[in-house]
Visitor: 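Handing you a structure now.
Computation of the quantities below employed the complete heavy-atom set of this structure, encompassing side-chain atoms and omitting hydrogens, waters and symmetry-equivalent molecules. Sequence positions, counted from 1, serve as the residue numbers for this chain.
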Amino acid sequence: MTAGPELYPPEALADDEPRYLRRQKPLEIRRRKFGRKSWPAYRRWTLVGVGIVACGFIGFQGLRFLLFSPSVEFAGLEQIEVTGNHFVSRSAITDSFAGDVGKSILRVPLDARRKSLESIPWVQEATVQRALPDRIRIELTERVPVAFLRTGNELELVDGTGVILERPLEAGFHFPVVSGFDETTPPSDRKERMALFVSYMKEIDLAHPGASDQVSEVDLSDAQDVRAMLAGLSGLEGQYPIWVHFGDGDFVNKYRLLAENIGQWRASAGRVESVDLRFSRQVVVNPEHEPTSAHPVVAANRSPAAGHRLSNGRSN
């Protein structure tokens, strides 16, 4: 008889099970800290860090070179290149940089030096640039004089904005003389009066080409009246210059009126001392009784007994 499988009661199996089965624990999965896939990222950041450090070091060395190297040192004023100066001496320009000698070219304060140059009366505008490794370039725009200015017994030069300029000894100019202000006059007043003068000179040339060449002196003491001494007017041959009051505008028509009628006025009044064109619809012509010097000339007396009032048929 074949023996069959042994049968055990369920109670026996239940009692014996804990002796043969291990206690179950959660499975821990450990990740490798430096995995194969992480190395490219670490290499990339390492290279970035090395690049930053290298750039910083190179930049530091470059800056140190530019600030302290003899190759970029501003060693002397001969390293300054100047263009555009005709009446301003080179020494007057380079003296502004005397305190920078021995510094790096990068440590020269260009804006401050530009302002210093523009404080020179003859300099209207200045451009100051570095030319590496060790040069400075300066380009000047000088002021343009338009007249002589009578200051006491001296003659200075003055530009169209009223800036008074010292006369260069080696230069020659052919300008009319203006008077009526000096260096004590506020700059705004000088600018206003010289603007009137410039306008007057341009407009009389429009009325008659070359008319400005007949102007020998202009009195600007009255900001509302251009009083000009004219010589060589047609109709005044053989007579010394006369003073003409032009007021403060309409110079084209006033000059045309003067040029067209001065011969007739002379025939009527004799030797003409002055002509006043400031009044509406009339011209005041004063005869000369005694020859006097051209400077100074007293303003015309406009009383009927002292001069001839001539209707001009126009309004001012």
Side-chain angles (χ1 to χ4, degrees), residues 48-149 151 154-173 175 181-195 198:
V48 170
V50 171
I52 292 174
V53 172
C55 290
F57 178 77
I58 294 172
F60 171 77
Q61 293 296 331
L63 182 61
R64 184 179 180 183
F65 173 83
L66 293 175
L67 292 179
F68 301 104
S69 172
S71 300
V72 293
E73 180 182 359
F74 182 55
L77 301 180
E78 65 277 0
Q79 294 173 217
I80 300 177
E81 302 174 4
V82 182
T83 59
N85 62 314
H86 303 288
F87 302 114
V88 182
S89 66
R90 175 181 171 84
S91 61
I93 299 168
T94 57
D95 284 350
S96 299
F97 295 82
D100 300 316
V101 175
K103 297 180 180 178
S104 166
I105 203 75
L106 294 181
R107 298 173 64 190
V108 178
L110 300 188
D111 190 58
R113 299 298 173 260
R114 176 187 59 80
K115 292 178 180 179
S116 177
L117 293 176
E118 290 180 347
S119 67
I120 301 174
W122 266 100
V123 177
Q124 179 176 343
E125 185 178 0
T127 301
V128 183
Q129 298 176 325
R130 294 185 183 91
L132 295 178
D134 61 353
R135 312 289 292 179
I136 290 178
R137 291 175 182 167
I138 299 174
E139 184 176 354
L140 297 183
T141 300
E142 293 184 338
R143 296 186 183 276
V144 179
V146 296
F148 289 112
L149 174 65
T151 56
E154 301 292 331
L155 288 179
E156 303 282 356
L157 290 168
V158 61
D159 77 344
T161 64
V163 176
I164 300 174
L165 309 170
E166 184 179 355
R167 291 179 63 184
L169 296 178
E170 69 280 3
F173 300 95
F175 294 130
F181 63 88
D182 56 25
E183 63 275 0
T184 63
T185 306
S188 58
D189 288 348
R190 283 184 277 164
K191 184 176 182 179
E192 178 183 359
R193 298 184 192 200
M194 286 307 298
V198 171

Visitor: So how far is it from I93 CD1 to L77 CG, rounded to the nearest 0.5 Å?
Guide: 11.5 Å

Visitor: Judged by atom type as modelled, is there a donor-acceptor pair below 3.5 Å linking the side chain of E73 to the main-chain atoms of I105?
Guide: no

Visitor: For the residue pair R137 and A131, what are the closest heavy atoms and their distance?
Guide: NE-CB, 3.6 Å

Visitor: side-chain contact (heavy atoms from CB on, under 4.5 Å) with A195: which residues, sequence neighbours excluded?
Guide: none

Visitor: Does the side chain of M194 reach to within under 4.5 Å of the side chain of T161, using non-hydrogen atoms?
Guide: no

Visitor: Closest approach of A126 and L117, non-hydrogen atoms and distance?
Guide: CB-CB, 4.0 Å

Visitor: Check L155 against R167 and note the closest heavy-atom contact, atom names and distance.
Guide: O-CD, 2.7 Å

Visitor: Are there more than 12 heavy atoms of other residues, nucleotides or ligands under 6.0 Å from atom CD of E78?
Guide: yes

Visitor: Look only at the side chain of T94 and the backbone of R90, and say whether a donor-acceptor pair between them is shorter than 3.5 Å.
Guide: yes

Visitor: For K103 versus G99, what's the shortest heavy-atom pair and its separation?
Guide: CE-O, 3.8 Å

Visitor: When rounded to the nearest 0.5 angstrom, what is the spacing between CZ in F181 and CG in D189?
Guide: 10.0 Å

Visitor: Please tell me if the side chains of V88 and V123 come closer than 4.5 Å, counting only heavy atoms from C-beta onward.
Guide: yes

Visitor: Please name all residues satisfying side-chain contact (heavy atoms from CB on, under 4.5 Å) with Q79, sequence neighbours left out, ordered by chain then number.
Guide: F74, A75, D134, R135

Visitor: Locate the shortest heavy-atom distance separating L165 from P145; write the atom from each residue and the value.
Guide: CD1-CB, 4.3 Å

Visitor: Go through the structure and list residues passing side-chain contact (heavy atoms from CB on, under 4.5 Å) with S116, not counting sequence neighbours.
Guide: S96

Visitor: Taking the side chain as C-beta and beyond, is there a heavy-atom pair between F97 and I136 under 4.5 Å?
Guide: yes

Visitor: Which pairs pass ring pair (Phe, Tyr, Trp, His ring centres under 6.0 Å) with one or both residues in residues 110-136, sequence neighbours excluded?
Guide: F87-W122

Visitor: Name the residue from I120, L140, I138 that meets the side chain to side chain contact (heavy atoms under 4.5 Å, CB included) definition with N85.
Guide: L140

Visitor: By side-chain contact (heavy atoms from CB on, under 4.5 Å), which residues pair with T151, not counting sequence neighbours?
Guide: L149, E154, E156, D182, E183

Visitor: Between I164 and R190, does a side chain to side chain contact (heavy atoms under 4.5 Å, CB included) hold up when you go through it step by step?
Guide: CA-CA 9 Å; I164 300 174; R190 283 184 277 164; 3.7 Å; yes

Visitor: Please, which pairs that meet salt bridge (Lys or Arg N to Asp or Glu O under 4.0 Å) have at least one residue in residues 108-132, sequence neighbours excluded?
Guide: D100-R113, D111-R114, D111-K115, R114-E118

